[in-house]
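Structure record follows, encoded as C-alpha cells.
Chain naming here is simple, since letters A, B, ... match the order of the sequence lines and numbering starts at 1 in each. Just so it is clear, the values below take in all heavy atoms, side chains as well, and ignore hydrogens, waters and symmetry mates.
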Amino acid sequence: MAPKRTKNKAPSADPQGMFAGMVVFLIENSVQSRRLQIWKQKLEQMGAKIETHLSKKVSHVFAMSSDALFHHVDKDQLARFKGHVLLYQWLEDSLAAGEKVSEHLYILKVDPEGEDVPDKNPKLEAANRNSSIHGEQSHCKRIKSSPEEIKHTNEESKGDIETNTASGLSNNEPNSPSSVTSGPEIPSTLDKDVGTPTSSLPYSPPDLNKDITEIFGKLINIYRALGDDRRSFSYYKAIAVVEKLPFKIESADQVKNLPGIGKSLQDHIQEIVTTGKLSKLEHFETDEKVRTISLFGEVWGIGPATALKFYEKGHRALDDLKSDNSLTNVQKLGLKYFDDIKTRIPRNEVQEMESLLQKVAEDIVSGVVVVCGGSYRRGKASCGDLDIIITHPDGKSHKGFLQKYVKRLKEMKLLREDLIFSTHSEEGTDQGVDTYFGLCTYPGRELRHRIDFKVYPRDIYAFGLIAWTGNDVLNRRLRLLAESKGYRLDDTGLFPATHGSGSKRGARGTTSLKLETEKEVFDFLGFPWLETYERNL
DNA sequence: TGGCAATACTG
DNA sequence: CAGTAT
DNA sequence: GCCA
C-alpha cells in the first residue's frame, strides 16, 4: 500500500502554490455551491488557508459583489478589517492565468457608500489589461465564465498546436522551439528571467525581500556543496514562499506562520531584516574549507565526498587536483574543460546545433524527432548546456538509434568526449530511456560544451519533454500536483500512486497513463497551460 | 525521529 | 557499494 | 532546514 503521502481526499496543499500564505474568508452568499466547492479546493490546493470566520488572521475576503458582502458581514467589523477584500473574479482570473493577477481591478470598497465597482485607476487598469493573459479584461460585477469556461477558452487560443497531425506525434511540440526562436525574441539581457509575458505584469512580485532570498540562495549552494541536500532544499522552499509575499518583511512575526519557515529560518530572517546580513553566511563565505569544497564541487564528476577528500589531502586549488592520480576519467575531463563547460552558449549557436543534430538524426532514421530542451526551449538567450530529447513517431524506431547517432556524431567531431553512455532499449522490448552525456563542440571550434541526449519511446515522450524542458520549479509543481491527485509523475510517465505494489519507475506492468502531448499532461493535472517560454518560473 | 524522488552509471 | 548526476 |  501507499506508504504515506497522497490521500485522495483532501489534496495536500502545495506549499509553493500560487496562493501560499493567504488566509481567506469566503462569503458564500449568492455563490453557486458547485463553484464555491471548486474555489475552496483550488485555494487549499494551492496553499491558501480557509478560515470559517473573519478572524484576525484573515488576509483576504472574497465576495461575489458588494451586496453580498454587506449582507453577510457586519459593516463595522469590515471597517476594522485590514486585509484585502476582493471579488471572486480575481480567483477565477488568477486560476486561469496560472498566477496571482493584480488585485487592483477586483478590490471591493469596504466603505458602504462605495459601489460595487472595483477601484478604477485608469493607469493601472490599462497596464493590467495589457499584461493579462487573455487580453480581454476581466471585469467584475458580472461573473460570466465558470472556471471550466475560462479554462477552455484559454486553452483554445493556444491549444491549436496540438491539434496537429503527423502521425499523431506530439509533434508540433518540436515546432514550438522554433516558434519561440522566431517569435518575439528574448531580450538578450542576461539569461535570468526574461521574456515571460507573465513576469512583466505591472505589479509582479519581484524583489521585495530580495535581500533575504539572495542570502538564502547562497546558502542553498553552500549546503549543496557540503552534501546537505535536505537542508539546502529547505532554503530553496523558503525562497519560493518568501518571494510570493506581496510585502516587504520587516519582522519575523510576519513570517512565523508561513509554510516552510520554522524557528531557524525565522531567526535568520529576523537577523537579515535588522542587520542586513547573516552572520552564518559571512562565516561560510570566509571559511577556506567551505570555499575550497564548493570550488572542487563545481568540477563535473566531483561531488561533496570527493571534494572533501581532496581538501583533506591538502589540495586548495584546481591546479592541485590535476596532479592527483586518484582522479577518475570523467573528473579529468571535468577538470580539463572546467572553464569550457562553464562557458555559456549563445542561443543562436544552440539553434544551429539543434538543426544540425536534427539533420544528422534524420539521416540515420527517417522521421526521428530531435528537440533541444532545457533553457533553450524555454527561450533563454544563452544556455549552460544542451539537452537533446529524441523520439520517433512510429513508436519503435527509437530503439538502437542512440548508438548509431553517437557514433556518427563522433565521426563528424561534434561529439568529442564521453561522460556517460547508457543504453538499454537497444533491442530490448522496452520502455527504457537511452541516455548519453558527453562533451561537444560547435562546428569548427574546440570549446567544449556539455550535451545530453535522452531517447524516449514515443508513448512517454511528452513526459520526457516536460521534464527536460523544465524548469525545475515547474517540474516540482507538476509533481506535487500529480501527487495531490493520487499520481506519481516523472520523466517517464504519470502513474497511479499505487505505491508499494510495484509501481517502480517504468517497471513493466505499471504503464504510464497515455498522454500524448505536453498539453494533455497539463490538462490532465489541471495545470494552466504554459508555452515553453513561459516556463521560467 | 525519520523522511524529504528516484534511478542509472562509474570505479 | 559509495559517489555522482539528472 | 521543515514537518508530521
What pairs of nitrogen or oxygen atoms, one from the protein and one from nucleotides 1-3 of chain C, lie under 3.5 Å apart?
unit_1: C:dG3; atom_1: O3'; unit_2: A:Thr306; atom_2: OG1; d: 3.2

Touch check for A:Asn329, heavy atoms < 4.0 angstrom, all strands: base, sugar-phosphate only, or nothing? sugar-phosphate

Which part of the nucleic acid does A:Ile261 contact within heavy-atom distance under 4.0 Å: base, sugar-phosphate only, or nothing? sugar-phosphate

Can A:Arg230 and A:Asp228 be counted as an ion pair, charged N to O under 4.0 angstrom? no

Determine, stepwise, if the pair A:Tyr487 / A:Phe524 fulfils ring-ring contact (aromatic ring centres under 6.0 Å, His included). CA-CA 11 Å; A:Tyr487 295 91; A:Phe524 182 87; 5.3 Å; yes

Residue A:Arg230, side-chain atoms from C-beta onward, closest of B:dG11, B:dC4, C:dT6: B:dC4

On DNA chain B, nearest-nucleotide positions of A:Ile420 versus A:Ser234: which is more 5'? A:Ser234

Closest to the 5' end of DNA chain B, once A:Thr328 and A:Arg479 are matched to their nearest nucleotides, is A:Arg479

At less than 4.0 Å, is any side-chain N or O atom of A:Arg231 found next to OP1 or OP2 of D:dC3? Yes or no. no

Separation of the P atoms in B:dA5 and D:dC3, to the nearest angstrom: 15 Å

A:Tyr311 and A:Phe296 aromatic centres sub-6.0 Å: no

Scan residues 324-336 of chain A for pairs that pass salt bridge (charged side-chain N to carboxylate O under 4.0 Å, His left out), counting only residues two or more places apart or in two chains. A:Lys313-A:Asp324

